[in-house]
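Working notes, beginning with the structure itself.
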Amino acid sequence: MSNPELAPSVMRFYGETVNEEDRLHCSADGRMELARTQELLRRFLPPAPARVLDVGGGTGVHAEWLVKGGYEVTVVDPVPRHVESASAVCPAVVGDARDLQQPDDSFDVVQLLGPLYHLPDANDRQRALAEAHRVVKPGGLIAAAAINRYASLFEHVTYAHLHTARIHDSVSRILETAVYDGVRGFTLSYFHRAEELAAELTASGLTDVQVFGIEGPAWSLVKAAEQQPGDGPTDDLLASAMAAARMAEPYPELLAASSHLLAVGNAPVGIGD
């Protein structure tokens, strides 16, 4: 397989502009995302000490809690700055989700908690999922996160500027095309619908695919409270929003209101495996 290239805007955004670890630890909706991702993954992870390949693992935010839980984690990320930070947590290497260097059937779990965000081409997303399927063991778990198609609609209301012409037009294009071009602010991104994410995992050969709303339908209320003057969202508001995320799980129609989606599926077990 040829060496794929990362879009320059993605490299700039994560290599020079933002610290993803700060977002997940400091912002209210980021903390919800981190806590709920942990909560959901723990339902499906095999017991430690299973081997986990954290593809697009960033600075090791998820690797850190997995390692503390006794898992054997390796991070793969295309951004050298991320890999340098993650190396303090676990083994970490520079690499691309579409062309993994790990051997076939070598991990119990493969996580893609970011790569699908930045692959607007469906063929690239399928390559990433195919690579995850290749390196996971038969019966192993693959977990893939996506940004919800409608997340920008909710988010820009919290900033109280969705009604302005530039933001209105930008969000309208995302809703129509599922792609943000990364010209300003955020980077090149793809926005999934829940049923589309499930279909992509199923098409890659995974079984028992399920999709969850990570932050649930009340995350934007928390984010809006954080944008207003004062002390930000109260502990009770955060707790209520987390409760709403859990209560929404049985209702697929509420997936459209979550900021991020998490899909899980298993590699099939063949005869003799």
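Residue numbers start at 1 and run along the sequence shown.
Side-chain atoms of Arg51 and Ser106, non-hydrogen and from C-beta on, do get closer than 4.5 Å to each other. Here the side chains of Leu34 and Gln38 are in contact, with some heavy-atom distance below 4.5 Å. Side chains of Val52 and Glu72 form no contact here, defined as non-hydrogen atoms less than 4.5 Å apart. Side-chain contact check for Phe186 versus Ile147: some heavy-atom pair is nearer than 4.5 Å. Side-chain atoms of Val93 and Val83, non-hydrogen and from C-beta on, never get closer than 4.5 Å to each other. Between Arg36 and Ser258, the closest side-chain pair of non-hydrogen atoms is not below 4.5 Å. Between Trp219 and Glu33 there is no side-chain heavy-atom pair separated by less than 4.5 Å.
The aromatic rings of His62 and Trp65 sit perpendicular to each other, their planes meeting at more than 60°, with 30° as the lower class boundary. Taking the six-membered ring where tryptophan is involved, the planes of Phe44 and Phe212 are tilted, since the angle between them lies from 30° to 60°.
Across all their heavy atoms, Leu262 and Ala143 have their closest contact at CD1-CB, 4.4 Å. Taking each heavy atom of Ala248 and Leu254 in turn, the nearest pair found is CB-CD1, 3.6 Å. Val136 and Ala267 make their closest contact through CG1-CB, 3.6 Å (heavy atoms, listed as atom of the first residue, atom of the second, distance). Considering every non-hydrogen atom in both Cys90 and Ala63, the closest pair reads SG-CB, 3.9 Å. In terms of heavy-atom proximity, Leu197 sits nearest to Ala144 at CD2-O, 4.2 Å. Across all their heavy atoms, Val211 and Ala194 have their closest contact at CG2-O, 3.9 Å.
Of the inter-residue distances, the one linking Leu53 atom CG with Phe107 atom CZ reads 4.5 Å to the nearest 0.5 angstrom. Atom CD1 in Ile167 sits 10.0 Å away from atom OG in Ser152 (nearest 0.5 Å). From Asn266, atom CG reaches atom CG of Leu206 across 7.5 Å, with rounding to the nearest 0.5 Å. Remark: Gln101 CD to Asp96 CG distance equals 9.5 Å, nearest 0.5 Å. Note that the CG atom of Asp169 and the CD1 atom of Ile174 stand 11.5 Å from one another [nearest 0.5 Å]. Taking CD of Gln126 as the start and OG of Ser204 as the end, the distance is 6.0 Å to the nearest 0.5 Å.
Under a hydrophobic clustering in which Ile, Leu, Val, Met, Phe, Trp and Tyr are joined whenever their side-chain heavy atoms come within less than 4.5 Å, directly or via other members, Leu261 and Val209 fall into the same cluster. Residues Val79 and Phe13 share a hydrophobic cluster, clusters being chains of Ile/Leu/Val/Met/Phe/Trp/Tyr side chains in contact below 4.5 Å. Hydrophobic clustering of Ile, Leu, Val, Met, Phe, Trp and Tyr side chains at less than 4.5 Å, counting indirect connections, unites Leu129 with Val55. In the hydrophobic clustering of this structure, Phe191 does not group with Leu119; members are Ile, Leu, Val, Met, Phe, Trp, Tyr whose side-chain heavy atoms approach within less than 4.5 Å, directly or through other members. At a threshold of 4.5 Å between side-chain heavy atoms, the hydrophobic network of Ile, Leu, Val, Met, Phe, Trp and Tyr places Tyr150 and Val157 in one connected group.
In summary, Glu215 and Arg31 do not engage in a salt bridge, as defined by a charged side-chain N under 4.0 Å from a carboxylate O. The existence of a salt bridge linking Glu131 and Arg127 is excluded, since no basic side-chain nitrogen approaches an acidic carboxylate oxygen closer than 4.0 Å. With salt bridges taken as basic N to acidic carboxylate O contacts below 4.0 Å, none links Glu226 and Lys223.
In summary, of the residues considered (Asp108, Leu45, Val109), a side chain to side chain contact (heavy atoms under 4.5 Å, CB included) with Tyr71 occurs for Leu45 alone.
Inspection of the Gln227 and Thr158 side chains reveals no N or O donor paired with an N or O acceptor under 3.5 Å. His192 and Glu200 form a side-chain donor-acceptor contact under 3.5 Å, judged by distance and modelled atom types alone. The closest side-chain donor-acceptor pair between Glu196 and Tyr190 falls under 3.5 angstrom.
Remark: Arg42 engages no residue in a salt bridge (Lys or Arg N to Asp or Glu O under 4.0 Å) (not counting sequence neighbours). Every residue was checked against the ring pair (Phe, Tyr, Trp, His ring centres under 6.0 Å) condition with Tyr180, not counting sequence neighbours, and none meets it.
Atom CG of Asp235 has 12 or fewer neighbouring heavy atoms from other residues, nucleotides or ligands inside a 6.0 Å radius. When the shell of 6.0 Å around CD of Gln228 is examined, it contains more than 12 heavy atoms from other residues, nucleotides or ligands. Heavy atoms of other residues, nucleotides or ligands lying less than 6.0 angstrom from CZ of Arg43 number more than 12.
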Arg149/Glu195 under salt bridge (charged side-chain N to carboxylate O under 4.0 Å, His left out): CA gap, chis, key distance, verdict: CA-CA 11 Å; Arg149 175 72 60 87; Glu195 59 270 28; over 6 Å; no
Worked verdict on Val135 versus Asp105 for side-chain contact (heavy atoms from CB on, under 4.5 Å): CA-CA 5 Å; Val135 302; Asp105 303 339; over 6 Å; no
Verdict with reasoning, His168 to His163, per ring pair (Phe, Tyr, Trp, His ring centres under 6.0 Å): CA-CA 6 Å; His168 181 279; His163 61 288; 9.7 Å; no
Intermediate values then yes/no, side-chain contact (heavy atoms from CB on, under 4.5 Å), Leu153 and Leu175: CA-CA 8 Å; Leu153 184 72; Leu175 296 176; 4.2 Å; yes
Test log, rule side-chain contact (heavy atoms from CB on, under 4.5 Å), inputs Asn148 and Leu255: CA-CA 8 Å; Asn148 181 27; Leu255 286 169; over 6 Å; no
Step-by-step side-chain contact (heavy atoms from CB on, under 4.5 Å) determination, Arg125 to Arg98: CA-CA 8 Å; Arg125 295 195 299 279; Arg98 297 162 290 180; over 6 Å; no
Glu176 vs Arg173, salt bridge (charged side-chain N to carboxylate O under 4.0 Å, His left out): CA-CA, chis, key distance, verdict: CA-CA 5 Å; Glu176 292 168 4; Arg173 284 193 295 273; over 6 Å; no
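For the pair Ser189 (side chain) and Thr187 (backbone), a donor-acceptor distance under 3.5 Å is present. Side chain of Arg134 to backbone of Leu100: a donor-acceptor contact under 3.5 angstrom is found. In this structure, the side chain of Ser240 engages the main chain of Asp236 through a donor-acceptor pair within 3.5 Å.
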Please tabulate, for side-chain N and O atoms in residues 111-118, each donor-acceptor pair with protein atoms closer than 3.5 Å (sequence neighbours left out).
from   : atom 1 : to     : atom 2 : distance (Å)
Gln111 : NE2    : Asp54  : OD1    : 3.2
His118 : ND1    : Leu188 : O      : 2.7
His118 : NE2    : Tyr14  : OH     : 2.9

